[in-house]
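Heavy-atom basis, side chains included; hydrogens, waters and symmetry copies ignored. Order of the sequence lines fixes the chain letters, A, B, ..., with proteins taken first and strands second; residue numbering starts at 1 for each chain.
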Number of protein chains: 2
Amino acid sequence: MDEAPVPVELARLWRISSETRRGRPARLDVDAVVDAAIALADRDGLAAATLPKVAESLGVTKMSLYRHVGSKEELVALMADAAGPPPADLREGDGPWRERLGAWAEALADRLERHPWLADLRVTGPPSGPNGIAWFDAGLRAMRRSRLDWGPKVRTVMIVSDYVQGMARLAQGLAAGRGGADQAAAELAYGKAMAALVDPARFPDAAALFASDTFADTGADTAEADFRFGLDLILDGVAAQAD
Amino acid sequence: MDEAPVPVELARLWRISSETRRGRPARLDVDAVVDAAIALADRDGLAAATLPKVAESLGVTKMSLYRHVGSKEELVALMADAAGPPPADLREGDGPWRERLGAWAEALADRLERHPWLADLRVTGPPSGPNGIAWFDAGLRAMRRSRLDWGPKVRTVMIVSDYVQGMARLAQGLAAGRGGADQAAAELAYGKAMAALVDPARFPDAAALFASDTFADTGADTAEADFRFGLDLILDGVAAQAD
DNA sequence: CCCAATTAGTGTCTCTAGGATACTATCCTT
DNA sequence: AAGGATAGTATCCTAGAGACACTAATTGGG
């Protein structure tokens, strides 16, 4: 009776060690590599988490990393799973689904704030690592008391998670455009040019929007309010579906 | 009285020619470069739209492209704007906002299906090119008859557009995992391993989900139904906000 | 009519990244 | 102590973005 042969990438994701104790002992392990890569990405963005830089930060040559991670793509998958496990208190509690799902979304947003590069990742499939599953599980648990079937539940969790990621992207994009005086001057020129280019005859609604003072107050705490607006909107939608 | 000096990237986005007719006439222009890049990305993905390959497809050296696009990053921005302008019939019509916004979302989804690489792009700010503005304008116009203020309108348009993009990503991710027999075998092993790894004690809800037959029917037309489910959910949410 | 300014496209170089392959170093087991 | 197994290294290759100095093809002015 053979055990099912777990694919090697899955084994690494779940940190299933091969139990061998022969040969030269390792200085590195999957966690060391992944943690170093996450530290680099947290500091300087996903593009900074290159194999040479990760190796250097570990005091090792880049090729040695391949003993532990298989490929760059797999490293990114490992990083994505390892970064920001779900907080324990998401599992407990037993309030109404709307509150719990909202709290789950906030926790997700918090994770994306701590690890901004997560918003750059492309999801290639269902969650398959321990932390990905844990987040997914927590999302499903938040909706336990709703009357929805599995299908709608899964879709709802995905919609909320997509929303959070989209907002994180947007916030990061806006935050990126906050530099010195040159930046401000450039933005002014940009704004003026845009006002001239968005012809009211061609783009009546967009022109009316730009002419309004909607974009006047882009303060710091509007971000939180914007986030809540969309989240409430989606939760209203869920409530409508759940009857 | 000077005209406002339009930043050069904006000038290229809006195809404002510099009106000069001196010197050697150009074989290339911005559109030629951008169209070639889009063709490559449509065929083989965003990663295939490299400067060398674009240059080769135009019968020119890669450095000549810099006469027309400034940088790779700018080329991508130009591609994003140029790909798939909004269909004309989105502008006409005067139905209820819910139908119009739904139609707008479907049109967006259609665009992402024609140009899958658009789903890989990171939005770095508000739309600024002619087609980006046109899509945005069409989205706002769809909501004209709603009673929402500009702020909620803008956020709603963004939420819907984010949703469409998220679903496109997901659909593409699933579609990518449809290969030959090896693929099927790998997926089977994967599924078995996952079933063993997702321990019901640790992940009760996720385990219950995987144990159900929710993922049994992943047929082709479920995709469209899934899309509609989320879209209706969001539109319900908008309706709730619009009272 | 020709020359000089102007603009288009080229050739060559550098830097950085991911990764293949063959190697050496180090340890455990027998 | 020997030898097999595993960890980490040295050296190579490919590919992409882009800097820089070059040549080529125009046109407008003297």
**OP:** Spell out protein contact along nucleotides 10-18 of chain D as letters: B when the base is contacted, S when just the sugar-phosphate is, - when no protein heavy atom is under 4.0 Å; keep the 5' to 3' order.
**Re:** BB----SBB
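Regarding A:Leu65, its CG atom lies at a distance of 12 Å from the C1' atom of C:dG18, rounded to whole Å. Distance, A:Arg22 CZ to D:dG4 P: 11 Å, rounded to whole Å. Following rounding to the nearest Å, B:Leu28 (CG) and D:dA24 (P) show an atom-to-atom distance of 19 Å. Rounded to whole angstrom, the span from the CG atom of A:Leu46 across to the P atom of C:dA17 amounts to 13 Å. Going from atom CG of A:Leu58 over to atom P of D:dT9 covers 11 Å, rounded to whole Å.
Checked by atom type and distance alone, the side chain of B:Trp14 pairs as donor or acceptor with a backbone atom of B:Ser128 at under 3.5 Å. Side chain of A:Trp135 to main chain of A:Asp81: no donor-acceptor pair is present (N/O by atom type, distance under 3.5 Å, no hydrogens or angles).
At a threshold of 4.0 angstrom between heavy atoms, the contacts of A:Arg67 include nucleobase atoms, whether or not backbone atoms are also involved.
The phosphate of C:dG9 has OP1 or OP2 within less than 4.0 Å of a side-chain N or O from B:His68. Taking side-chain N and O atoms only, A:Ser64 has no distance below 4.0 Å to OP1 or OP2 of D:dA7.
Taking the charged nitrogens against the carboxylate oxygens, A:Asp137 and A:Arg91 do have a contact shorter than 4.0 Å, which makes a salt bridge.
Residues B:Arg15 and B:Pro130 are not in side-chain contact: their nearest non-hydrogen atoms beyond the backbone lie 4.5 Å or more apart.
For B:Asp42 and B:His115, the side-chain atoms include at least one donor-acceptor pair closer than 3.5 Å.
Of the residues near DNA chain C, B:Gly23 and B:Arg27, the one whose nearest nucleotide (by heavy atom distance) lies more toward the 5' end is B:Gly23.
With rounding to the nearest 0.5 angstrom, the CD1 atom of B:Ile159 is 7.0 Å from the CE atom of A:Met167.
Between the side chain of A:Arg24 and the base of C:dA25, at least one donor-acceptor pair of N or O atoms lies under 3.5 Å.
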